[in-house]
Amino acid sequence: MADTGGGSVTLGLQANGSLQGRWYRWVLSNGLTLLVVDNPAVDIVAARLFLRPGMLGEAPHQWGLNHLVAATLTKGTHQRSAQEIALAVESLGASLGTEAAPDYFVLGLKAVAGDFAELFALASELWCHPSFPATEVALEQQLTLQGLRLQQEQPFTLAYDQLRRTLYPDHPYSVSTLGTQESVMGITAEDLGTYHQRYFCPAHTVVSICGRVEPERVRDWVERCLGDWQVPAGDWQLPVLPHPLPPPTPLRLVRPTHQSLVMLGYQGPAVRSPDYPPMKLLSTYLGNGLSSRLFVELREKQGLAYDVSAFYPTRWQAAPFGVYLGTAAANTRLALGKLAAEIQRLLAAPLPEAELLTARSKLLGQYALGKQTNAQIAQLLGWYEVLGLGANYDLEFPRLIQQMTPEHLWRAAQHYLRQPWVSLVGPESALAEIT
């Protein structure tokens with residue numbers, strides 16, 4: 001245990017031997033959670049300020065609001081203009097940016113250790129006192145609409161949108177974080193201010209910092225910058241997760257292209273489900289990299305796929321699980337049958353132990369590579385905390401993956417992958433062959 005002094009700090013301190021050192025956790029008296037990792041490998045300090053619930057807090061008519069808050073949070077405060085903020089960051093040679101995600105909103109920053117306290121003070125000002133200038137909001141609104149139009153030119157996005165609208169009717173997961181054309185056009189600068197007042201509060205905030213730091217000194221920085229921040233937490237609940245009805249026929253979207261995008265989708269488990277680890281392994285086994293089963297079977301051996309992969313994002317609520325391939329229009333029907341056959345092979349019998357070991361090594365290797373920098377570590381631990389898993393999940397996840405057996409994966413496949421939703425994008429002549 002560490003020093004429990006420090007004014008209003010209420011300690012929930014833990015130390016952990018992972019991540020090249022220890023991580024510390026405090027809960028400030030105002031409810032803000034702080035994670036600190038002392039990692040002296042480089043003279044760079046990185047931080048992430050997370051906010052829950054991300055787009056899960058958006059009403060359907062305001063989908064995209066979380067993204068617009070992210071796009072304009074750094075465009076002004078009640079004390080500084082957008083230009084003054086940009087110059088302050090640039091003068092430190094630092095970086096600062098935001099991101100909107102389905103389950104969270106995050107402000108990221110990094111600087112050399114000597115400048116970090118000044119940069120963090122600026123980030124705190126942005127976090128607590130943004131002004132959302134109307135001109136900046138209008139500009140970002142137009143850029144968002146442009147981004148949505150560009151997405152409609154990408155076959156994968158079209159197929160994925162079609163799939164998730166069916167998997168998650170009237171749920172935030174049914175749309176891109178950008179929202180929809182209709183919802184974005186209806187959002188005003190006042191809406192951003194209202195969203196900020198409702199959700200930006202200490203109880204919803206997780207601050208994660210990693211670098212060459214003294215943890216207690218960092219705690220004091222954060223206490224000075226955000227300890228007096230007193231905003232009561234508003235009530236909110238996770239949106240009701242829908243139970244989609246299987247469509248009687250494949251979902252189709254006709255586009256005048258020479259290729260087709262064929263996708264099979266399922267509603268998979270949430271991150272806190274015991275079925276999350278086996279499904280993560282199945283996704284890795286099917287579609288992660290040049291040695292994955294779909295790549296080897298459908299592209300290398302059968303020459304059916306221009307592009308083939310799988311997806312299973314980590315989500316607070318039930319996540320979409322999918323496999324897809326891009327193929328020549330003339331091969332659409334054949335490719336759909338072959339893709340479905342690969343899923344049926346998973347249902348027929350447990351994987352050979354050797355194939356599970358390969359998928360496990362690949363997944364754990366990539367997991368380790370994903371936390372090499374201070375920014376990656378701050379991101380990972382803060383993300384686990386905001387998802388309600390706690391930073392200890394960094395240890396728990398590899399342990400769970402190591403424990404998985406072929407039977408675990410088989411049972412998960414039997415439960416989640418029995419009946420696919422089929423999403424197709426391609427020319428009319430190719431889609432007409434699919435019944």
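A quick note: this is a predicted structure, and the numbers were derived from the prediction, not measured. Position 1 is the first residue of the sequence, and the numbers go up from there. Values below: all heavy atoms of this structure, side chains included; hydrogens, waters and symmetry mates excluded.
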Task: Distance, nearest 0.5 Å, that separates CD of Gln141 from OG1 of Thr144 - done: 7.5 Å
Open item on the list: What I'd like to find out is whether the side chain of Tyr266 reaches to under 4.5 Å of the side chain of Ile343, using heavy atoms alone.
Closed with: yes
TODO: Keeping the roles fixed (side chain from Gln267, backbone from Leu167), state whether a donor-acceptor pair exists under 3.5 Å.
DONE: yes
Task: Atom CZ of Arg212 with >12 non-hydrogen neighbours under 6.0 angstrom - done: yes
Task: Matching residue for Phe321 among Trp421, Phe311, Tyr312, Tyr416 - test: ring pair (Phe, Tyr, Trp, His ring centres under 6.0 Å) - done: Tyr312
Task: By side chain to side chain contact (heavy atoms under 4.5 Å, CB included) - contacts of Gln402 (at least two apart) - done: Arg360, Leu364
TODO: Indicate whether any N or O donor in one side chain lies under 3.5 Å from an N or O acceptor in the other, for Glu136 and Thr72.
DONE: no
TODO: Any pair with a residue in residues 277-294 that passes salt bridge (Lys or Arg N to Asp or Glu O under 4.0 Å), sequence neighbours left out, goes on the list, sorted by first then second residue, please.
DONE: Arg293-Glu342
Task: Reference residue Ser423; test side-chain hydrogen bond (donor to acceptor under 3.5 Å, both in side chains); the match among Arg252, Gln162, Arg164 - done: Gln162
TODO: Would you indicate whether the side-chain heavy atoms of Phe200 and Leu51 approach each other to under 4.5 Å?
DONE: yes
TODO: Calculate, to the nearest 0.5 Å, the distance between atoms OG and CH2 belonging to Ser176 and Trp63 respectively.
DONE: 11.5 Å
Task: Rounded distance (nearest 0.5 Å) linking atom CG of Asn288 with atom OG1 of Thr358 - done: 12.5 Å
- [ ] Let me see the working for Val69 and Phe132 under side chain to side chain contact (heavy atoms under 4.5 Å, CB included), right down to the final yes or no.
- [x] CA-CA 8 Å; Val69 169; Phe132 301 119; 4.1 Å; yes
TODO: Give a yes or no on this: more than 12 heavy atoms of other residues, nucleotides or ligands lie within 6.0 Å of atom CD of Gln237.
DONE: no
Task: Step-by-step side chain to side chain contact (heavy atoms under 4.5 Å, CB included) determination, Val206 to Tyr104 - done: CA-CA 10 Å; Val206 173; Tyr104 62 85; over 6 Å; no
Open item on the list: Once side-chain hydrogen bond (donor to acceptor under 3.5 Å, both in side chains) is applied, do any residues pair with Asn331, and if so which ones, sequence neighbours excluded?
Closed with: none
TODO: Classify the side-chain pair Asp191/Thr188 by whether it contains a donor and acceptor separated by less than 3.5 Å.
DONE: yes
Open item on the list: Quick one: does any side-chain atom of Arg52 pair with a main-chain N or O of Ala203 as donor and acceptor, under 3.5 Å?
Closed with: yes
Task: Arg255 vs Pro155 side-chain heavy atoms within contact, under 4.5 Å - done: no
Task: Any pair counted as ring-ring contact (aromatic ring centres under 6.0 Å, His included), so long as it reaches residues 340-377, sequence neighbours left out - done: Tyr367-Phe397
Open item on the list: If you apply the rule side chain to side chain contact (heavy atoms under 4.5 Å, CB included), what do you find for Ile209 with Phe120, and how did you get there?
Closed with: CA-CA 10 Å; Ile209 298 175; Phe120 188 81; 4.2 Å; yes
TODO: Please examine the side chains of Glu99 and Thr177, heavy atoms only from C-beta on, and report whether any two atoms are closer than 4.5 Å.
DONE: no
- [ ] Report yes if some heavy atom in the side chain of Leu251 is under 4.5 Å from a heavy atom in the side chain of Leu424; otherwise report no.
- [x] no
- [ ] For Gln379 and Arg48, work out which heavy atoms get closest and say how close.
- [x] OE1-NE, 3.0 Å
TODO: Give a yes or no answer on whether the side chain of Thr77 reaches the backbone of Leu126 with a donor-acceptor pair at less than 3.5 Å.
DONE: no
Open item on the list: Using side chain to side chain contact (heavy atoms under 4.5 Å, CB included), reason through Tyr195 and Gln62 one step at a time and then give a plain yes or no.
Closed with: CA-CA 10 Å; Tyr195 183 89; Gln62 291 185 327; over 6 Å; no
Open item on the list: With a sphere of 6.0 Å drawn around CD of Gln376, does it hold more than 12 non-hydrogen atoms of other residues, nucleotides or ligands?
Closed with: yes
Open item on the list: Measuring from atom CG of Leu192 to atom OG of Ser131, what distance do you get when rounded to the nearest 0.5 angstrom?
Closed with: 11.0 Å
Task: Main-chain N/O of Asn66 paired to Glu58 side chain as donor or acceptor, under 3.5 Å - done: yes
Open item on the list: Parallel, tilted or perpendicular: which one describes the rings of Trp236 and Trp316, with boundaries at 30° and 60°?
Closed with: perpendicular
Open item on the list: Between Ser283 (side chain only) and Met279 (backbone N and O only), is there a donor and an acceptor less than 3.5 Å apart?
Closed with: no
Open item on the list: Could you check whether any side-chain N or O of His408 sits under 3.5 Å from a backbone N or O of Thr405, counting only pairs where one atom can act as donor and the other as acceptor?
Closed with: yes
TODO: Can you spot which of Val218, Leu35, Thr33, Leu34 makes a side chain to side chain contact (heavy atoms under 4.5 Å, CB included) with Trp26?
DONE: Leu34
Task: pair Ser260-Pro427: side-chain heavy atoms closer than 4.5 Å - done: yes
- [ ] Identify the heavy atoms of Ile187 and Ser183 that sit nearest to each other, and give their distance.
- [x] CG1-O, 3.3 Å
TODO: Please examine the side chains of Asp103 and Tyr173, heavy atoms only from C-beta on, and report whether any two atoms are closer than 4.5 Å.
DONE: yes
Task: Nearest atoms (heavy-atom pairs only) where Ser292 meets Thr284 - done: CB-O, 4.2 Å
TODO: Check Ala335 against Leu325 and note the closest heavy-atom contact, atom names and distance.
DONE: CB-CD1, 3.6 Å
Task: Neighbour count above 12 (heavy atom, 6.0 Å) for Gln366 CD - done: yes
- [ ] Using side-chain hydrogen bond (donor to acceptor under 3.5 Å, both in side chains) as the criterion, list what pairs up with Thr98, not counting sequence neighbours.
- [x] none
Open item on the list: Can a donor-acceptor pair be found, under 3.5 Å and without considering hydrogens, that links the side chain of Ser208 to the backbone of Leu381?
Closed with: no
TODO: Report the distance from atom OG1 of Thr166 to atom CG of Asp161, rounding to the nearest 0.5 Å.
DONE: 10.5 Å
- [ ] Taking all heavy atoms of Leu253 and all of Leu431, pick out the closest pair and write down the distance.
- [x] O-CD1, 3.6 Å
Open item on the list: Run the side-chain hydrogen bond (donor to acceptor under 3.5 Å, both in side chains) test against His171 and tell me which residues pass, sequence neighbours left out.
Closed with: Gln317
Open item on the list: A side-chain contact here means heavy atoms from C-beta on lying under 4.5 Å apart; do Asn392 and Trp23 qualify?
Closed with: yes
- [ ] Assess the pair Trp127 and Phe105: is the distance between their ring centroids shorter than 6.0 Å?
- [x] yes
Task: Distance-minimising heavy-atom pair for Tyr285 and Ala359 - done: CB-CB, 4.0 Å
- [ ] First locate atom CG of Leu28, then atom CG of Leu226, and finally report the distance between them rounded to the nearest 0.5 Å.
- [x] 8.0 Å
